[in-house]
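Nothing fancy with the numbering, it's 1 onward along the sequence.
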Amino acid sequence: MANNIIQLDSDIDYKLLCQGNTAEVYLYDETKILKLFRKDFPLEIIATEFDVTKSISSELALAPKVFSVVEYKNRYGILYEKIDGKDMIAEMMQKPYKLRSYSKALANTHAKIHNSTIDLNLDIKTKLTNNINATVDLAEQDKDKIITYLKTLPDGKSLCHFDFHPGNVMIKNNNFYVIDWMTACNGNAACDVARTFLLLCYGELLYTNFFVKLIAHIVEKHIGRVYLRQYKKLTGVTDAEIKKWLLPIAAARLIEWIPKSEKNKLLKFVKKELSKIY
């Protein structure tokens, strides 16, 4: 457990490397990075990420090592192993001729994760159910309908990242490392694939301009098609097995810190899919 929180010197200013919806990433030293969560982000969730990542990195070489939970300027964070490389999105943008090969590598890496049965004692259906119940964007009767539908879907014990996309895959010396295991859990692998496909089709970037968002959206849709085709080829999973998970995944994502435009698209998708199961 993350029971010893290390206090960092607030007089030290670290170099900002990048930021996402829930955290900023800073350069801590030559071998470590500081993932600093936004103010008031629940410590319980941070501690869970620490424990989960520690369990996974001890068995999977593609996960970075994790060192400690820290407090810095009244915010909590985690010290991680620094991967000296670029994320897959950056590599794709700089080397568009590798878009197809990287998209296939994305699928290969995801399949490798799913081959692991590391027991995290965190069930994917429970996670989805809790998130669906917590959203304020759906009527109670719609939530009940989605959760009832979710119960009919197949169980599984595969290790699922549940936020797997090119921005969470680092490339170093042609090796692939997967970061940000906050949402990792166990369940049916097709559910995790559906989540990735949904992110690539509907996800929108924050902290960038409209032109970059537009280009990224076009590129990500292409990545999604190649990724899905390669994953199905590797594993034998079918479109039908993946698509049946899209409704509960889209509904559960509504509680996340996402742009309003993305939320509106997801709501439209959820309403459309709900009409098919009424």
Side-chain angles (χ1 to χ4, degrees), residues 1-87 109 113 116-124 126-128 130-131 134 159-165 167-170 172 175-187 192 195 199 206-207 252-253 255-258:
M1 292 292 294
N3 49 12
N4 294 317
I5 299 174
I6 296 174
Q7 299 287 330
L8 299 185
D9 189 344
S10 60
D11 291 331
I12 298 176
D13 291 322
Y14 299 104
K15 179 183 177 182
L16 178 65
L17 299 177
C18 61
Q19 59 180 314
N21 293 351
T22 60
E24 298 165 335
V25 178
Y26 293 86
L27 178 65
Y28 180 75
D29 61 26
E30 291 184 357
T31 61
K32 301 182 186 71
I33 56 101
L34 166 62
K35 181 178 181 180
L36 190 64
F37 293 86
R38 301 196 181 279
K39 194 172 183 180
D40 299 324
F41 195 84
L43 178 58
E44 180 183 359
I45 297 177
I46 297 170
T48 298
E49 176 175 345
F50 175 86
D51 293 335
V52 164
T53 307
K54 189 173 182 180
S55 296
I56 294 169
S57 63
S58 66
E59 296 194 36
L60 286 182
L62 54 72
K65 295 181 178 64
V66 60
F67 300 103
S68 57
V69 176
V70 301
E71 185 175 1
Y72 174 68
K73 295 185 178 181
N74 298 315
R75 294 165 62 185
Y76 293 108
I78 300 176
L79 290 180
Y80 279 103
E81 172 189 7
K82 179 175 177 282
I83 305 297
D84 289 315
K86 296 178 181 177
D87 66 64
T109 304
I113 292 171
S116 170
T117 54
I118 298 172
D119 186 6
L120 300 177
N121 197 29
L122 296 166
D123 178 65
I124 206 164
T126 301
K127 179 189 290 289
L128 288 169
N130 291 340
N131 289 356
L159 175 63
C160 298
H161 184 279
F162 212 62
D163 195 27
F164 188 80
H165 56 80
N168 277 337
V169 178
M170 303 292 294
K172 175 185 177 183
N175 292 315
F176 301 92
Y177 299 86
V178 182
I179 62 173
D180 201 1
W181 292 86
M182 177 193 295
T183 54
C185 49
N186 296 111
D192 204 23
R195 161 86 177 181
L199 290 174
L206 293 173
Y207 315 112
R253 183 159 166 76
I255 70 158
E256 298 179 36
W257 298 350
I258 57 177

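Side-chain atoms of Ser57 come within 3.5 Å of backbone N or O of Lys54 as a donor-acceptor pair. A donor-acceptor contact shorter than 3.5 Å is absent between the side chain of Asp87 and the backbone of Asn168.
Inter-residue side-chain proximity for Asp13 and Lys73 is flagged as met; some heavy-atom pair is nearer than 4.5 Å. Residues Tyr28 and Ile33 fail the side-chain proximity criterion, which asks for heavy atoms closer than 4.5 Å. Under the 4.5 Å side-chain criterion, counting only non-hydrogen atoms from C-beta, Leu122 is not in contact with Lys127. Residues Ile45 and Thr22 are not in side-chain contact: their nearest non-hydrogen atoms beyond the backbone lie 4.5 Å or more apart.
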For Val25 and Tyr80: C-alpha separation, side-chain torsions, deciding distance, then whether side chain to side chain contact (heavy atoms under 4.5 Å, CB included) applies.
CA-CA 10 Å; Val25 178; Tyr80 279 103; over 6 Å; no
Ile113 vs Trp181, side chain to side chain contact (heavy atoms under 4.5 Å, CB included): CA-CA, chis, key distance, verdict:
CA-CA 12 Å; Ile113 292 171; Trp181 292 86; 3.8 Å; yes
Check step by step if side chain to side chain contact (heavy atoms under 4.5 Å, CB included) holds for Phe67 and Glu81.
CA-CA 8 Å; Phe67 300 103; Glu81 172 189 7; 4.1 Å; yes
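Here the closest heavy-atom approach between residue Ile56 and residue Ala63 is recorded as CG2-CB, 3.9 Å. When all heavy atoms of Asn186 and Asp119 are compared, the pair lying nearest together is OD1-OD1, 3.6 Å. Nearest heavy atom pair, residue Tyr76 against residue Ile5, reads CE2-CD1, 3.9 Å. Listed here is the closest heavy atom pair of Cys160 and Asp192: CA-OD2, 3.3 Å. When all heavy atoms of Ser68 and Ile6 are compared, the closest pair comes out as OG-CD1, 3.6 Å. The two residues Asp84 and Lys172 come nearest to each other via the heavy atoms O-CG, 3.4 Å.
Expressed to the nearest 0.5 Å, how far NZ of Lys65 lies from OG1 of Thr53 amounts to 13.5 Å. With rounding to the nearest 0.5 Å, the separation of OH in Tyr177 from CG in Leu62 is 9.0 Å. Residue Glu59 holds its CD atom at 4.0 Å from CD1 of Ile118, rounded to the nearest 0.5 Å. For the atom pair NZ of Lys32 and CG of Leu27, the computed distance is 11.0 Å after rounding to the nearest 0.5 Å.
Phe41 and Phe37 have parallel rings, their planes meeting at less than 30° on a 0 to 90° scale where 60° marks the start of perpendicular.
One finds no salt bridge joining Arg253 and Asp163 here, because no Lys/Arg side-chain nitrogen approaches an Asp/Glu carboxylate oxygen to under 4.0 Å. A salt bridge links Arg195 with Glu256: the distance from a Lys NZ or Arg NE/NH1/NH2 to an Asp or Glu carboxylate oxygen falls below 4.0 Å.
Taking a 6.0 Å sphere around CD of Gln7, one finds it holds more than 12 heavy atoms contributed by other residues, nucleotides or ligands. Applying the 6.0 Å contact sphere to CG of Asp29 captures more than 12 heavy atoms from other residues, nucleotides or ligands. Counting non-hydrogen atoms of other residues, nucleotides and ligands closer than 6.0 Å to CG of Asn74 gives a total of 12 or fewer.
A ring-centre distance under 6.0 Å is found for Tyr72 and Tyr14.
If you run side chain to side chain contact (heavy atoms under 4.5 Å, CB included) between Lys35 and each of Val66, Leu79, Ile46, Asp180, only Asp180 comes through.
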